[in-house]
Amino acid sequence: MREHFKHAFEITNNNLFLTVPLVMFMLLLSVYVGLVVWSPGTSDAKWILAIITSFFMITAFIAGWLNMIKETIKPSSPALSPLQQISVGIGAYFLPLAGAFIIASVLMGAVTLLVYKLGLLMFGPLSFDHASLLRAVSSTQEMKVFVESLSMEQLMELFNWNMLFVITSTVFSFLFLLWVPEIMFCTKNPVVALWCSQKKLFGKFKNSLKLFFYLVLINFVISFLSNIAAFSPILYLLVLMLYFYFLVYVVVLVFLYSDREFCNKTENNCDCGADS
């Protein structure tokens, strides 16, 4: 695993241009969301259209950008320019990734509902107003005021519910770890890719856990630095640059792990088994 960690850093450092389309798309998406929010009108049709448009934009970008990362790990012959990599990626992976995102949303929604029902049985309903909790999430100051207003029993309620959903989201993150690389390297059928990714994930369970906890550690460090840098614009800018760098690194690492551990090096396909 250490070789994968080190090699992923080398690939990322040699392909820092991968951060450019990511930053540009984030800016474009922010502008679009801002225009939607500040545009006149509050009809349901406006928000439904905005959600659908955002979904298409995000999926198309991810398809193209992930293909760029795939090309850094397993280049095509003849070599493609970055624009060609993006256009080929959109054409090849837009529908498979859209299907995967829809399936993931349905699965997560269904499991979240079941977890909520389980939480009601284990902890009972929250004894404070849900609307006040939603308002508190909007800012650090609001959250501080909200937490200070709670009793010790209510704090325990909030902690229990939070841990329940954190555990659920962590399990989902682990189970979906190799799903997208499976689509990019092996099969464009999102259902088959999900099944194959589970076989590979649990086929090399120890390595999968090492990779997952390494990614969790990176996320924890970046989140910690972001909280510290929130009070300094210069530090925040540096942490933001670090965030984009490690976002590219994480995707490169997961793709590299999937390719090196499971993909057939003599053919441009993958074996849907963990022993390859």
Side-chain angles (χ1 to χ4, degrees), residues 22 25-26 29 32-33 44 47-70 73-74 86-119 164-205 207-209 211-212 215-216 219 247-248 250-259 261-263 268-274 276:
L22 180 61
F25 177 76
M26 295 291 284
L29 188 62
Y32 174 72
V33 172
D44 292 338
W47 296 109
I48 291 173
L49 179 61
I51 291 172
I52 294 174
T53 304
S54 298
F55 175 77
F56 285 145
M57 290 173 61
I58 293 170
T59 305
F61 169 75
I62 290 176
W65 186 63
L66 290 183
N67 192 56
M68 291 181 68
I69 293 180
K70 177 185 175 182
I73 295 170
K74 184 175 286 187
I86 292 174
S87 61
V88 168
I90 294 173
Y93 301 110
F94 176 83
L95 289 178
L97 290 176
F101 296 155
I102 292 171
I103 293 170
S105 299
V106 172
L107 290 175
M108 292 175 66
V111 172
T112 299
L113 180 60
L114 291 175
V115 169
Y116 174 73
K117 297 292 185 182
L118 178 63
L164 183 62
F165 283 105
V166 166
I167 292 171
T168 303
S169 62
T170 301
V171 170
F172 265 117
S173 299
F174 178 71
L175 293 177
F176 291 165
L177 182 63
L178 300 180
W179 190 5
V180 171
E182 189 72 17
I183 292 174
M184 300 298 295
F185 286 106
C186 305
T187 173
K188 295 177 184 177
N189 186 319
V191 178
V192 174
L194 178 59
W195 170 248
C196 290
S197 68
Q198 298 311 297
K199 291 181 66 177
K200 294 176 180 180
L201 190 73
F202 290 98
K204 292 191 175 181
F205 187 68
N207 282 347
S208 299
L209 278 181
L211 175 63
F212 182 72
L215 299 180
V216 170
N219 181 64
L247 185 56
V248 173
V250 163
V251 179
V252 168
L253 175 59
V254 174
F255 275 38
L256 182 68
Y257 172 78
S258 182
D259 179 58
E261 292 290 328
F262 305 108
C263 290
N268 192 23
N269 60 13
C270 299
D271 179 18
C272 191
S276 58

Residues two or more places apart in sequence or in another chain: which of them pass ring pair (Phe, Tyr, Trp, His ring centres under 6.0 Å) with F176?
F172, W179

Among all residues two or more places apart in sequence or in another chain, which pass the ring pair (Phe, Tyr, Trp, His ring centres under 6.0 Å) test with F55?
none

Sequence neighbours excluded - side-chain hydrogen bond (donor to acceptor under 3.5 Å, both in side chains) pairs with any residue from residues 93-113
K70-Y93

Are K74 and F255 in a cation-pi contact, defined as NZ or CZ under 6.0 Å from the six-membered ring centre and within 45° of the axis?
no

Got more than 12 heavy atoms from elsewhere within 6.0 Å of CE, M57?
yes

Roughly how far, to the nearest 0.5 Å, is [atom2] of [Y] from [atom1] of [X]?
X    : Y    : atom1 : atom2 : result
N67  : S87  : CG    : OG    : 8.5 Å
L215 : L211 : CG    : CG    : 4.5 Å
L66  : I90  : CG    : CD1   : 11.0 Å
L178 : F262 : CG    : CZ    : 6.0 Å
I183 : L95  : CD1   : CG    : 11.5 Å
I69  : L253 : CD1   : CG    : 11.5 Å

Taking S208 for the side chain and L201 for the main chain, is one N or O donor matched with an acceptor at less than 3.5 Å?
yes

Which heavy atom in [X] sits nearest to a heavy atom in [Y], and how many Å separate them?
X    : Y    : answer
K200 : C186 : NZ-SG, 3.5 Å
E261 : N207 : OE1-ND2, 4.1 Å
L22  : F61  : CA-CZ, 3.6 Å
V166 : T170 : O-OG1, 2.7 Å
I86  : M68  : CG1-SD, 3.4 Å
A193 : E182 : O-CG, 3.4 Å

Non-neighbouring partners of [X] that pass side chain to side chain contact (heavy atoms under 4.5 Å, CB included), sequence neighbours left out:
X    : answer
L118 : M122
V191 : I103, N189
S54  : Y32
I52  : I48, F56

Residue pair W65, V248: steps toward the side chain to side chain contact (heavy atoms under 4.5 Å, CB included) verdict
CA-CA 10 Å; W65 186 63; V248 173; 3.8 Å; yes

With a 4.5 Å cut-off on side-chain heavy atoms, are L194 and L107 touching?
yes

Are F212 and S173 side-chain neighbours, meaning at least one heavy-atom pair lies under 4.5 Å?
yes

